[in-house]
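One structure is given below, encoded as C-alpha coordinates.
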2 protein chains.
Amino acid sequence: MSAQVSARDFPLPPAPPEAELPEPLPEPSRDELRLEAVLAALSDPLRIGIVRKLLLESVEHDHTCTWFGLDRPKSSLTHHFRTLREAGLIRQRQYGPSRRNRVRVEDLEDRFPGLLALVADWTPVE
Amino acid sequence: MSAQVSARDFPLPPAPPEAELPEPLPEPSRDELRLEAVLAALSDPLRIGIVRKLLLESVEHDHTCTWFGLDRPKSSLTHHFRTLREAGLIRQRQYGPSRRNRVRVEDLEDRFPGLLALVADWTPVE
DNA sequence: CCACTGGTACGACTTCTCTCGTACTACTTG
DNA sequence: CAAGTAGTACGAGAGAAGTCGTACCAGTGG
(Lines give C-alpha, C1' and ligand atoms only; values in the text may rest on other atoms or scores of the structure.)
Protein backbone atom coordinates (compact mmCIF):
# COMPACT_ATOMS: atom_id res chain seq x y z
CA MET A 1 0.00 0.00 0.00
CA SER A 2 2.70 2.51 1.01
CA ALA A 3 0.45 5.44 1.94
CA GLN A 4 2.37 8.28 0.38
CA VAL A 5 2.38 11.38 2.50
CA SER A 6 1.47 14.21 0.22
CA ALA A 7 3.87 16.80 1.50
CA ARG A 8 4.58 18.77 -1.60
CA ASP A 9 3.81 22.26 -0.48
CA PHE A 10 5.14 23.08 2.93
CA PRO A 11 3.40 25.91 4.64
CA LEU A 12 6.19 28.36 5.17
CA PRO A 13 6.58 29.04 8.87
CA PRO A 14 4.56 32.11 9.79
CA ALA A 15 7.55 34.40 10.18
CA PRO A 16 8.19 34.20 13.92
CA PRO A 17 9.74 37.23 15.57
CA GLU A 18 13.28 36.26 14.63
CA ALA A 19 14.66 39.33 16.33
CA GLU A 20 13.58 38.11 19.74
CA LEU A 21 15.19 34.71 19.41
CA PRO A 22 18.73 33.82 20.46
CA GLU A 23 21.31 34.06 17.69
CA PRO A 24 21.61 30.93 15.58
CA LEU A 25 24.82 28.94 15.85
CA PRO A 26 27.21 29.29 12.91
CA GLU A 27 25.69 27.92 9.73
CA PRO A 28 26.14 28.27 5.98
CA SER A 29 24.18 31.11 4.43
CA ARG A 30 21.48 30.37 1.90
CA ASP A 31 23.88 31.06 -0.95
CA GLU A 32 26.51 28.82 0.56
CA LEU A 33 24.30 25.74 0.63
CA ARG A 34 25.79 22.94 -1.44
CA LEU A 35 23.61 20.16 -2.76
CA GLU A 36 26.35 17.53 -2.29
CA ALA A 37 26.71 18.48 1.35
CA VAL A 38 22.97 18.45 1.94
CA LEU A 39 22.61 15.05 0.32
CA ALA A 40 25.54 13.67 2.27
CA ALA A 41 23.96 14.80 5.51
CA LEU A 42 20.66 13.20 4.53
CA SER A 43 22.25 9.93 3.46
CA ASP A 44 22.41 8.73 7.07
CA PRO A 45 19.16 7.06 8.17
CA LEU A 46 19.29 8.57 11.64
CA ARG A 47 19.73 12.08 10.27
CA ILE A 48 17.12 11.93 7.55
CA GLY A 49 14.77 10.60 10.23
CA ILE A 50 15.53 13.59 12.42
CA VAL A 51 14.80 16.04 9.63
CA ARG A 52 11.64 14.19 8.68
CA LYS A 53 10.35 14.21 12.25
CA LEU A 54 11.07 17.90 12.57
CA LEU A 55 9.24 18.54 9.30
CA LEU A 56 6.16 16.50 10.00
CA GLU A 57 5.67 17.15 13.67
CA SER A 58 7.01 20.62 14.30
CA VAL A 59 7.45 22.92 11.39
CA GLU A 60 6.70 25.90 13.56
CA HIS A 61 8.36 24.95 16.82
CA ASP A 62 11.93 24.31 17.77
CA HIS A 63 12.87 21.17 19.62
CA THR A 64 15.72 20.03 21.78
CA CYS A 65 17.85 17.05 20.83
CA THR A 66 16.30 14.90 23.52
CA TRP A 67 12.78 15.57 22.24
CA PHE A 68 13.45 13.07 19.46
CA GLY A 69 13.73 10.16 21.86
CA LEU A 70 16.74 8.75 20.08
CA ASP A 71 18.42 5.90 21.90
CA ARG A 72 21.98 7.06 21.41
CA PRO A 73 24.61 8.56 23.69
CA LYS A 74 24.61 12.33 23.94
CA SER A 75 27.94 12.65 22.20
CA SER A 76 26.57 10.79 19.18
CA LEU A 77 23.59 13.09 19.00
CA THR A 78 25.85 16.14 19.17
CA HIS A 79 27.74 14.77 16.19
CA HIS A 80 24.63 14.21 14.06
CA PHE A 81 22.98 17.52 14.89
CA ARG A 82 26.19 19.37 14.15
CA THR A 83 26.47 17.54 10.84
CA LEU A 84 22.95 18.65 9.94
CA ARG A 85 23.62 22.24 10.97
CA GLU A 86 26.92 22.49 9.11
CA ALA A 87 25.27 21.13 5.97
CA GLY A 88 22.59 23.79 6.34
CA LEU A 89 19.61 21.56 7.01
CA ILE A 90 18.75 22.77 10.49
CA ARG A 91 19.16 25.95 12.47
CA GLN A 92 20.22 25.63 16.09
CA ARG A 93 19.57 28.21 18.79
CA GLN A 94 20.72 28.25 22.37
CA TYR A 95 17.81 28.64 24.81
CA GLY A 96 19.41 28.80 28.20
CA PRO A 97 20.99 25.44 28.89
CA SER A 98 19.38 23.63 25.97
CA ARG A 99 19.74 23.92 22.23
CA ARG A 100 16.75 23.88 19.93
CA ASN A 101 16.50 22.86 16.31
CA ARG A 102 14.31 23.67 13.37
CA VAL A 103 14.51 22.86 9.69
CA ARG A 104 15.58 25.72 7.40
CA VAL A 105 12.47 25.29 5.31
CA GLU A 106 12.57 28.60 3.46
CA ASP A 107 16.24 28.39 2.55
CA LEU A 108 16.02 24.79 1.44
CA GLU A 109 12.84 25.24 -0.58
CA ASP A 110 14.43 28.22 -2.29
CA ARG A 111 17.65 26.50 -3.21
CA PHE A 112 16.50 22.90 -3.62
CA PRO A 113 12.76 22.93 -4.32
CA GLY A 114 11.10 19.60 -3.73
CA LEU A 115 13.88 18.13 -1.64
CA LEU A 116 12.03 18.43 1.66
CA ALA A 117 9.01 16.71 0.15
CA LEU A 118 11.20 13.70 -0.54
CA VAL A 119 12.46 13.77 3.02
CA ALA A 120 8.90 13.93 4.34
CA ASP A 121 7.93 10.92 2.24
CA TRP A 122 10.90 8.88 3.45
CA THR A 123 10.23 5.85 5.61
CA PRO A 124 12.77 3.82 7.55
CA VAL A 125 13.48 0.25 6.57
CA GLU A 126 10.94 -2.01 8.19
CA MET B 1 22.62 35.58 -11.53
CA SER B 2 22.80 31.80 -11.44
CA ALA B 3 20.80 30.97 -14.57
CA GLN B 4 18.60 28.24 -13.23
CA VAL B 5 18.06 25.40 -15.64
CA SER B 6 14.36 24.73 -15.61
CA ALA B 7 14.45 20.98 -15.71
CA ARG B 8 11.35 20.11 -13.80
CA ASP B 9 9.55 17.91 -16.23
CA PHE B 10 11.79 15.41 -17.88
CA PRO B 11 10.46 14.03 -21.12
CA LEU B 12 10.24 10.37 -20.37
CA PRO B 13 12.42 8.47 -22.81
CA PRO B 14 10.31 7.34 -25.77
CA ALA B 15 10.19 3.70 -24.77
CA PRO B 16 13.10 2.28 -26.74
CA PRO B 17 12.80 -1.35 -27.84
CA GLU B 18 14.08 -2.68 -24.53
CA ALA B 19 13.73 -6.25 -25.74
CA GLU B 20 16.46 -5.79 -28.32
CA LEU B 21 18.99 -4.40 -25.90
CA PRO B 22 21.52 -6.43 -23.92
CA GLU B 23 20.39 -7.40 -20.45
CA PRO B 24 21.09 -4.77 -17.81
CA LEU B 25 23.69 -5.59 -15.20
CA PRO B 26 22.31 -6.45 -11.74
CA GLU B 27 20.54 -3.50 -10.19
CA PRO B 28 17.92 -2.81 -7.52
CA SER B 29 14.34 -2.99 -8.74
CA ARG B 30 12.16 0.09 -8.61
CA ASP B 31 10.64 -1.05 -5.34
CA GLU B 32 14.03 -1.70 -3.83
CA LEU B 33 15.30 1.83 -4.35
CA ARG B 34 16.24 3.47 -1.06
CA LEU B 35 16.39 7.23 -0.75
CA GLU B 36 19.36 7.10 1.65
CA ALA B 37 21.35 5.03 -0.83
CA VAL B 38 20.45 7.29 -3.75
CA LEU B 39 21.43 10.39 -1.80
CA ALA B 40 24.68 8.80 -0.67
CA ALA B 41 25.58 7.99 -4.26
CA LEU B 42 24.82 11.56 -5.31
CA SER B 43 26.77 13.13 -2.46
CA ASP B 44 30.03 12.67 -4.35
CA PRO B 45 30.72 15.59 -6.72
CA LEU B 46 32.13 13.34 -9.42
CA ARG B 47 29.09 11.10 -9.37
CA ILE B 48 26.42 13.78 -9.28
CA GLY B 49 28.28 15.35 -12.20
CA ILE B 50 28.09 12.09 -14.11
CA VAL B 51 24.34 11.79 -13.56
CA ARG B 52 23.80 15.42 -14.45
CA LYS B 53 25.74 15.11 -17.69
CA LEU B 54 23.81 11.99 -18.62
CA LEU B 55 20.55 13.80 -17.89
CA LEU B 56 21.27 16.98 -19.75
CA GLU B 57 23.14 15.66 -22.74
CA SER B 58 21.80 12.22 -23.40
CA VAL B 59 18.49 11.27 -21.90
CA GLU B 60 17.74 9.00 -24.80
CA HIS B 61 21.15 7.54 -25.56
CA ASP B 62 23.48 5.35 -23.60
CA HIS B 63 27.08 6.32 -23.18
CA THR B 64 30.30 4.56 -22.32
CA CYS B 65 32.31 5.53 -19.27
CA THR B 66 35.00 7.18 -21.40
CA TRP B 67 32.46 9.42 -23.13
CA PHE B 68 32.43 11.58 -20.02
CA GLY B 69 36.02 12.65 -20.45
CA LEU B 70 36.81 12.22 -16.80
CA ASP B 71 40.47 12.53 -15.92
CA ARG B 72 40.66 9.56 -13.59
CA PRO B 73 42.15 6.10 -13.84
CA LYS B 74 39.91 3.41 -15.26
CA SER B 75 39.68 1.56 -11.98
CA SER B 76 38.35 4.67 -10.26
CA LEU B 77 35.69 5.10 -12.90
CA THR B 78 34.63 1.47 -12.53
CA HIS B 79 34.18 2.11 -8.83
CA HIS B 80 32.00 5.20 -9.28
CA PHE B 81 29.84 3.77 -12.04
CA ARG B 82 29.24 0.62 -10.03
CA THR B 83 28.29 2.75 -7.03
CA LEU B 84 25.74 4.60 -9.15
CA ARG B 85 24.34 1.36 -10.56
CA GLU B 86 24.06 -0.37 -7.19
CA ALA B 87 22.26 2.64 -5.76
CA GLY B 88 19.82 2.45 -8.67
CA LEU B 89 20.68 5.71 -10.40
CA ILE B 90 21.96 4.33 -13.67
CA ARG B 91 21.37 1.25 -15.76
CA GLN B 92 24.39 -0.38 -17.34
CA ARG B 93 24.31 -2.61 -20.40
CA GLN B 94 27.12 -4.53 -22.04
CA TYR B 95 27.50 -3.69 -25.72
CA GLY B 96 30.24 -5.94 -26.96
CA PRO B 97 33.43 -4.87 -25.24
CA SER B 98 32.07 -1.64 -23.81
CA ARG B 99 29.50 -0.88 -21.16
CA ARG B 100 26.92 1.83 -21.63
CA ASN B 101 25.05 3.88 -19.08
CA ARG B 102 21.76 5.69 -18.86
CA VAL B 103 19.85 7.30 -16.02
CA ARG B 104 16.83 5.37 -14.73
CA VAL B 105 14.60 8.37 -15.29
CA GLU B 106 11.24 6.60 -15.07
CA ASP B 107 12.05 4.64 -11.93
CA LEU B 108 13.56 7.64 -10.16
CA GLU B 109 10.80 10.04 -11.10
CA ASP B 110 8.26 7.52 -9.88
CA ARG B 111 9.88 6.90 -6.53
CA PHE B 112 11.54 10.26 -5.86
CA PRO B 113 9.73 12.88 -7.91
CA GLY B 114 11.73 16.07 -8.36
CA LEU B 115 15.06 14.61 -7.37
CA LEU B 116 16.44 14.53 -10.90
CA ALA B 117 15.48 18.15 -11.39
CA LEU B 118 17.74 19.02 -8.47
CA VAL B 119 20.55 17.00 -10.01
CA ALA B 120 20.07 18.77 -13.35
CA ASP B 121 20.28 22.15 -11.62
CA TRP B 122 23.46 21.24 -9.78
CA THR B 123 26.65 23.05 -10.67
CA PRO B 124 30.16 22.16 -9.58
CA VAL B 125 32.10 24.45 -7.29
CA GLU B 126 33.78 27.12 -9.35
C1' DC C 1 46.54 -14.57 -34.47
C1' DC C 2 47.87 -10.20 -32.63
C1' DA C 3 47.13 -5.71 -31.09
C1' DC C 4 43.95 -2.43 -29.50
C1' DT C 5 40.02 -0.81 -26.94
C1' DG C 6 37.17 -0.65 -22.98
C1' DG C 7 36.53 -2.27 -19.56
C1' DT C 8 36.91 -5.70 -14.62
C1' DA C 9 38.98 -7.60 -10.20
C1' DC C 10 41.99 -7.38 -6.63
C1' DG C 11 44.55 -5.30 -3.20
C1' DA C 12 46.95 -1.56 -0.79
C1' DC C 13 46.78 2.79 1.10
C1' DT C 14 44.63 6.82 2.89
C1' DT C 15 40.97 9.43 4.46
C1' DC C 16 36.53 10.07 6.20
C1' DT C 17 32.69 8.81 9.05
C1' DC C 18 30.22 6.69 12.70
C1' DT C 19 30.19 5.38 17.44
C1' DC C 20 30.86 6.24 21.95
C1' DG C 21 33.22 6.90 26.69
C1' DT C 22 34.99 10.33 29.49
C1' DA C 23 35.52 14.70 31.20
C1' DC C 24 33.90 19.11 31.16
C1' DT C 25 30.81 23.54 30.76
C1' DA C 26 26.56 26.37 31.13
C1' DC C 27 22.31 27.31 33.02
C1' DT C 28 18.43 26.50 36.36
C1' DT C 29 16.37 25.41 40.64
C1' DG C 30 16.08 24.57 45.43
C1' DC D 1 26.29 26.74 46.78
C1' DA D 2 24.96 22.09 45.44
C1' DA D 3 22.46 19.13 42.39
C1' DG D 4 20.33 18.27 38.17
C1' DT D 5 19.76 18.99 33.22
C1' DA D 6 21.32 19.65 28.47
C1' DG D 7 24.62 19.80 26.10
C1' DT D 8 30.01 20.29 24.27
C1' DA D 9 34.90 18.86 23.28
C1' DC D 10 38.22 15.53 22.87
C1' DG D 11 39.91 11.43 21.42
C1' DA D 12 40.10 6.58 20.32
C1' DG D 13 38.55 2.56 17.81
C1' DA D 14 36.19 0.33 13.93
C1' DG D 15 34.50 0.28 9.61
C1' DA D 16 33.33 2.34 5.19
C1' DA D 17 34.67 4.82 1.18
C1' DG D 18 37.74 7.09 -2.21
C1' DT D 19 42.08 6.56 -5.02
C1' DC D 20 44.70 4.14 -7.89
C1' DG D 21 48.37 0.67 -9.68
C1' DT D 22 48.68 -3.72 -11.57
C1' DA D 23 47.16 -7.64 -13.76
C1' DC D 24 43.77 -9.50 -16.40
C1' DC D 25 39.75 -10.37 -19.77
C1' DA D 26 36.40 -9.93 -23.71
C1' DG D 27 35.32 -8.19 -28.32
C1' DT D 28 36.83 -5.97 -32.67
C1' DG D 29 39.54 -5.28 -36.62
C1' DG D 30 43.52 -5.75 -39.22
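Letters go in sequence order (proteins before strands), and every chain restarts at 1.
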Could you run down the sub-3.5 Å N/O contacts of the protein with nucleotides 26-30 of chain D?
none

- Item | Nearest-Å distance for atom pair CZ/P, residues R82(B) and dT8(C) | 8 Å

- In whole Å, what is the span from the CZ atom of R99(B) to the C1' atom of dT8(C)? 7 Å

- Taking all non-hydrogen atoms of both residues into account, name the closest pair between T123(A) and R34(B) and its distance. O-NH2, 2.8 Å

- Item | Separation of atom CD in E36(B) from atom C1' in dA16(D), rounded to whole Å | 16 Å

- Heavy-atom pair of closest approach, residues A87(B) and P28(B): C-CG, 4.1 Å

- Output yes when at least one side-chain N/O atom of T78(A) is less than 4.0 Å from OP1 or OP2 of dT8(D), else no. yes

- Message: Test your reading of the model: is there a side-chain donor-acceptor pair from E32(B) to the backbone of S29(B), 3.5 Å cut-off?
- Response: yes

- Item | Under-4.0 Å salt bridge between R52(A) and D121(A) | no

- Message: Tell me whether D107(A) is salt-bridged to R91(A), with the criterion being a basic N under 4.0 Å from an acidic carboxylate O.
- Response: yes

- Query: Atom CZ of F68(A) and atom P of dA6(D): how far apart are they, to the nearest Å?
  - Reply: 14 Å

Listing time: all N or O pairs from protein to nucleotides 16-25 of chain C that are below 3.5 Å?
unit_1: dC18(C); atom_1: OP1; unit_2: R47(A); atom_2: NH1; d: 3.1
unit_1: dC18(C); atom_1: OP1; unit_2: R47(A); atom_2: NH2; d: 2.6
unit_1: dC18(C); atom_1: OP2; unit_2: R47(A); atom_2: NH1; d: 3.4
unit_1: dC18(C); atom_1: OP2; unit_2: H79(A); atom_2: NE2; d: 3.0
unit_1: dT19(C); atom_1: OP1; unit_2: R72(A); atom_2: NH1; d: 3.4
unit_1: dT19(C); atom_1: OP2; unit_2: H80(A); atom_2: NE2; d: 2.6
unit_1: dG21(C); atom_1: N7; unit_2: S75(A); atom_2: OG; d: 3.1
unit_1: dG21(C); atom_1: O6; unit_2: S75(A); atom_2: OG; d: 3.0

- Query: Is T66(B) touching bases, backbone alone, or none of the nucleic acid, heavy atoms closer than 4.0 Å?
  - Reply: sugar-phosphate

- Message: Hydrogens and angles aside, do R100(A) and H63(A) bring a side-chain donor and acceptor to less than 3.5 Å of each other?
- Response: no

- Protein-nucleotide distance (E86(A), atom CD; dT8(D), atom C1'), rounded to Å: 13 Å

- Note on the structure: Only residue of R85(A), R47(A), E27(A), R102(A) satisfying side-chain contact (heavy atoms from CB on, under 4.5 Å) with I90(A) is R85(A)

- Message: Using whole Å, what does the distance between atom P of nucleotide dG7(C) and atom CD1 of I90(B) come to?
- Response: 11 Å

- Query: Counting only N and O atoms by type, is there a donor-acceptor contact under 3.5 Å from the side chain of S76(A) to the main-chain atoms of R72(A)?
  - Reply: no

- Task: Would you kindly give the CD-to-C1' distance between Q94(B) and dG7(C), to the nearest whole Å?
- Result: 7 Å

- Partner residues of F68(B) under the ring-ring contact (aromatic ring centres under 6.0 Å, His included) criterion, sequence neighbours left out: F81(B)

- Query: Once you round it to whole Å, what is the distance between C1' of dT8(C) and CZ of R85(B)?
  - Reply: 11 Å

